Amino acid sequence: MSVDEIILKSRFSPLKNILSYDVFDRGFNGWMTLMPNFTEYPDFDVPRTLVNKDQWPPVMLSSATFRYPGTHGSMSGTFSLKLSTRPVAAPYTEKPAPGSLGHAIKRLSFYRPGCRYLQMECWFSYTAEQDRMDSDDRPQPGLHENSIRDFGMGFDIQEGGRRYHVGMRYLNAVDGRMVRRWQIENASEGSDRDWAFGMDGDWCKRGVDPWWFGKRYPDGSHDGFQWVKDGEQNLIYNETDCKLNWQYMRLKVDTQKREYVEMQCQDRIWDLRGTACHCVDGYGRIDNLINPLFWVGTDCDRRVFFYIDSVVVSQE
């Protein structure tokens, strides 16, 4: 048995059919920035929208190098996939500021008839840039934990002529106030116009791309997400930007029933069976889509980072 096989069996819990096992020491493995659609006449402009998506930073392979200790490396190698933001944020209840989010996506499809369950699992870490001290009275003004608004992972799925987004989101902070609660992607009822911040004719439908769209509320609620019952969880966030603790998360969905099955982070598992996915009519030419994706967002004018050591996508 190879080292890769040993790690896969001991570190992950994949379903029967493994579609991808991505270890970023071997390269990008098809993961790339989630970029705008450059499709409009006459100069390949982007579709009309109120959300500017051409400032989202690109993903990169990172050795996690920091100014004091040098190179951190990944969980069991040198390189991880790194998502970052620019040092800019809007208040939580406003639409995202250009550059305040970082995304990564891998473009996949269903590979055989009869596959019902779809799952993604990964090892991750996150931190803020230690660029300045905060001028407050906290015991550790260099911690910057509340600079990170959220992060998460999920799928963009289209099958049987229906499209839906599923995912798990860790809402870490809202306008500097720590929240530390899990949500799942699931849009509330409403119009496409409300989803697009009041603009008529945006290309996006309600429930699609909830990290960009959907009204947000002061308590951390969101028209594109719903709270997970007993979803409070304190994740590991060490004292400085160079102390990365690798943590595990997993999401499983039922594409036959179009509902959630369960999610896991560290040693906690949430049973989500019976939670239906919010579906819309399918878009043209993308049936059988199962694109996995990650994102991270900043809560203030400071860059924040999300590191992914390895990812497994599987079906059954």
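Just so you know, residue 1 is the first one in the sequence shown, and it goes up from there. As the structure is a prediction and not an experimental result, all values here were calculated from the model.
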Contacts of [X] that satisfy side-chain contact (heavy atoms from CB on, under 4.5 Å) - sequence neighbours left out:
| X | result |
| --- | --- |
| Ala64 | Ser62, Phe66, His72, Leu244, Tyr307 |
| Leu61 | Phe24, Phe28, Phe79, Leu81 |
| Lys9 | Met1 |

Which residue pairs pass the salt bridge (Lys or Arg N to Asp or Glu O under 4.0 Å) test with at least one member in residues 70-84, sequence neighbours excluded?
none
According to the interplanar angle, ranging from 0 to 90°, do the rings of [X] and [Y] count as parallel (below 30°), tilted (30 to 60°) or perpendicular (above 60°)?
| X | Y | value |
| --- | --- | --- |
| Trp212 | His103 | perpendicular |
| His165 | Trp211 | perpendicular |
| Phe124 | Phe151 | tilted |
| Trp203 | Tyr283 | perpendicular |

Does Lys252 make a cation-pi contact with Tyr260, if we ask for NZ or CZ under 6.0 Å from the ring centre and within 45° of the axis?
no
Please list, one pair per line, the donor and acceptor atoms closer than 3.5 Å that link side chains of residues 31-42 to other protein atoms, with sequence neighbours excluded.
{"unit_1": "Trp31", "atom_1": "NE1", "unit_2": "Asp22", "atom_2": "OD2", "d": "2.7"}
{"unit_1": "Thr33", "atom_1": "OG1", "unit_2": "Val59", "atom_2": "N", "d": "3.0"}

Any Lys/Arg nitrogen of Asp175 or Arg149 sitting under 4.0 Å from an Asp/Glu carboxylate oxygen of the other?
yes
Under 3.5 Å, which donor-acceptor pairs do the side chains of residues 87-97 form with other protein atoms, sequence neighbours left out?
{"unit_1": "Tyr92", "atom_1": "OH", "unit_2": "Arg169", "atom_2": "NH1", "d": "3.4"}
{"unit_1": "Tyr92", "atom_1": "OH", "unit_2": "Gly220", "atom_2": "O", "d": "2.8"}
{"unit_1": "Tyr92", "atom_1": "OH", "unit_2": "Ser221", "atom_2": "O", "d": "3.2"}

Do other residues, nucleotides or ligands put more than 12 heavy atoms under 6.0 Å from the CZ atom of Arg177?
yes
